[in-house]
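Input: a single structure, listed below in structure tokens.
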Amino acid sequence: MISRLLHSFLVALLLFLPGALPASSQSESPAGAITAMPGAGDDQAIEQRINGIYDQLDGLSGISVVVRSGVVNLNGTVTEASLATKAEELAGRVDGVVAVQNNLTEETALEERLVPVYERLQARLSQGVNYLPLALVALLVWMLASAAGLLIARFEWPWNRLTPNAFIADLVRQLIRILFFTIGIVLALDVLGATAVIGTLLGAAGIVGLAVGFAVRDTVENYIASIMLSIRQPFNPKDFVRIEGYEGFVISLTSRATILMEKDGNHIRIPNAIVFKSTLVNFSTNPRRRFVFELGVDAESNLDKALDVGLMTLRRQEFILQDPSPDAWIEALGDSNVVLSFVGWIDQTRTDFQKARSEAMRLVKLALESNGFSLPEPIYRLRFDDAPALENLLPDRHQGDQDRGKIARKEAAFPQSAEIPNDTEADRDLEKQVELERKAAQSDDLLDEHAPKEFGAKSARSS
């Protein structure tokens with residue numbers, strides 16, 4: 001009896017032993033395993049949920065959905081590959097779905113493919129028609145703002161009064177037009193509700209402006225230099241100037257370059273950026289101008305008397321000013337002569353500089369020669385080792401006398417006077433040519449004869 005009870009106890013223990021083992025000894029579920037959720041086994045509910053979602057979206061209503069054990073099978077055709085991806089994504093997000101089997105194919109029939117495109121175009125056209133009144137209002141706002149800018153820019157009094165010259169006034173008018181044009185665009189976009197586009201436009205404009213600025217850097221530099229030169233007005237029309245080693249009369253100052261005319265009649269075009277940064281010499285700003293020339297006399301001459309003779313000759317000439325008075329000094333001591341320097345001042349409004357200097361040199365030379373001062377030639381010392389060869393090199397005295405006689409007869413036929421100067425009046429021929437050039441380019445000239453000048457002095461050419 002006892003053995004039978006013991007046998008029954010052991011059998012019962014073996015039967016209930018697995019349930020009595022601790023939980024840690026049981027096999028755990030693998031990572032990422034699918035677990036059953038409340039209601040997840042209801043395949044019909046999942047199928048109805050997915051169909052309800054697809055019915056609310058264009059292009060997905062024709063998809064067949066079959067759910068078995070939480071696995072969704074999608075069958076049918078779609079017009080675009082993106083719709084198949086979208087359908088699969090939506091199905092996977094439904095609660096209780098274990099996996100999605102995407103069996104959708106892309107529609108290849110032309111008619112079926114064009115229907116969605118036609119529907120989208122029709123919808124956009126309808127939307128555009130609905131936006132047409134609003135777009136007309138935005139267009140009207142832009143036109144009114146632009147018209148206001150044009151109207152304000154047309155006024156001459158405030159801009160000509162506030163700006164130093166007409167070129168700056170035109171620049172201000174152009175900036176006003178651009179400002180009101182931009183304001184009109186901003187207001188129009190605000191009416192359309194597209195204010196987010198403004199930031200995009202400003203960013204794109206900044207990038208484009210930076211790229212264009214690097215591409216046309218020289219042009220922008222010239223334009224800015226033109227603005228500065230038009231404000232400073234460093235020279236007048238027809239002034240004789242020297243810029244970067246080029247000398248000529250100023251024809252015009254354009255928005256890009258300064259145009260000069262050389263004394264030979266050639267035109268010189270210098271970019272304004274170079275003009276603005278270069279050393280500028282204006283020979284016409286001061287009507288009084290000094291000339292200098294040198295003459296050599298014999299080393300044994302009376303230098304005080306030679307200087308007095310030259311000065312008296314200069315003071316007697318009407319084309320040379322007495323205030324400032326002429327002057328003279330000893331410039332250098334040479335090997336066989338003494339170099340004297342003579343200076344004189346002229347009025348450029350009445351006297352030509354080159355002619356005056358030339359006549360002063362001629363008259364002083366004749367005066368010195370008339371008073372016994374010789375202008376020595378260079379002396380060279382020659383050494384001959386072969387004495388008989390020297391006789392062959394010496395000129396024939398008889399021939400030399402004949403040559404001197406010919407020179408004396410020529411001088412007698414063309415006598416020179418030390419007292420009567422030649423014509424030294426200012427040459428107006430080049431000025432007339434410059435004036436004709438200015439009239440031809442008057443519309444593009446930034447120079448203003450009545451504007452305040454940088455040096456503050458009255459030009460010799462404009463007086």
Side-chain angles (χ1 to χ4, degrees), residues 49-65 74 76-91 93 104-159 169-216 220:
R49 178 62 174 162
I50 295 176
N51 284 325
I53 295 174
Y54 287 172
D55 290 340
Q56 302 300 319
L57 299 175
D58 294 335
L60 302 182
S61 58
I63 298 177
S64 174
V65 180
L74 302 179
T77 58
V78 291
T79 56
E80 296 179 2
S82 60
L83 293 177
T85 304
K86 185 177 181 180
E88 181 179 355
E89 180 184 356
L90 291 174
R93 291 167 57 184
L104 297 175
T105 59
E106 189 175 355
E107 182 65 58
T108 57
L110 181 61
E111 182 179 358
E112 296 296 332
R113 295 296 299 269
L114 292 180
V115 167
V117 177
Y118 173 75
E119 291 177 352
R120 286 196 299 268
L121 291 177
Q122 188 176 12
R124 291 171 183 173
L125 180 61
S126 177
Q127 185 180 10
V129 171
N130 294 333
Y131 264 94
L132 186 59
L134 193 61
L136 292 177
V137 173
L139 179 62
L140 180 61
V141 170
W142 171 76
M143 292 178 63
L144 290 175
S146 301
L150 294 175
L151 180 61
I152 295 175
R154 287 183 58 185
F155 295 132
E156 296 183 358
W157 175 80
W159 317 125
D170 291 338
L171 180 61
V172 171
R173 292 190 186 96
Q174 187 174 358
L175 291 177
I176 290 175
R177 296 188 191 99
I178 295 175
L179 177 62
F180 276 83
F181 180 83
T182 306
I183 292 175
I185 292 178
V186 173
L187 293 177
L189 291 176
D190 187 58
V191 170
L192 293 174
T195 53
V197 181
I198 298 176
T200 304
L201 293 178
L202 292 177
I207 297 174
V208 172
L210 184 62
V212 172
F214 278 108
V216 295
V220 173

The criterion is side chain to side chain donor-acceptor pair (under 3.5 Å); which residues satisfy it with R49, sequence neighbours excluded? none

Q174: which residues meet the side chain to side chain donor-acceptor pair (under 3.5 Å) condition with it, sequence neighbours left out? none

OG of S126 to CG of L121, rounded to nearest 0.5 Å, is 12.5 Å

CZ (R154) and CG (L150) are apart, to the nearest 0.5 Å, by 9.0 Å

The criterion is side chain to side chain donor-acceptor pair (under 3.5 Å); which residues satisfy it with T77, sequence neighbours excluded? E107

Partner set under side chain to side chain donor-acceptor pair (under 3.5 Å) for T85, not counting sequence neighbours: none

Once rounded to the nearest 0.5 Å, what's the spacing between atom CG of L90 and atom CD1 of I50? 9.0 Å

Nearest-0.5 Å distance, CG of residue L192 to CG of residue L187: 11.0 Å

Could you measure the distance from the CG atom of L179 to the CD1 atom of I183? Nearest 0.5 Å is fine. 4.0 Å

Of all the heavy-atom pairs spanning Y54 and A91, show the shortest one and how long it is. OH-CB, 3.6 Å

Quick one: ring pair (Phe, Tyr, Trp, His ring centres under 6.0 Å) partners of F155, sequence neighbours excluded? none

Nearest 0.5 Å, please: how far is CD1 in I53 from CD1 in I63? 11.5 Å

Pairs involving residues 181-200, ordered by first then second residue, that meet ring pair (Phe, Tyr, Trp, His ring centres under 6.0 Å) (sequence neighbours left out): W142-F181

I need the minimum non-hydrogen distance between G184 and A145, along with the two atoms involved. CA-CB, 3.5 Å

Are K86 and L57 side-chain neighbours, meaning at least one heavy-atom pair lies under 4.5 Å? yes

Shortest non-hydrogen contact from G149 to I176? O-CG2, 4.0 Å

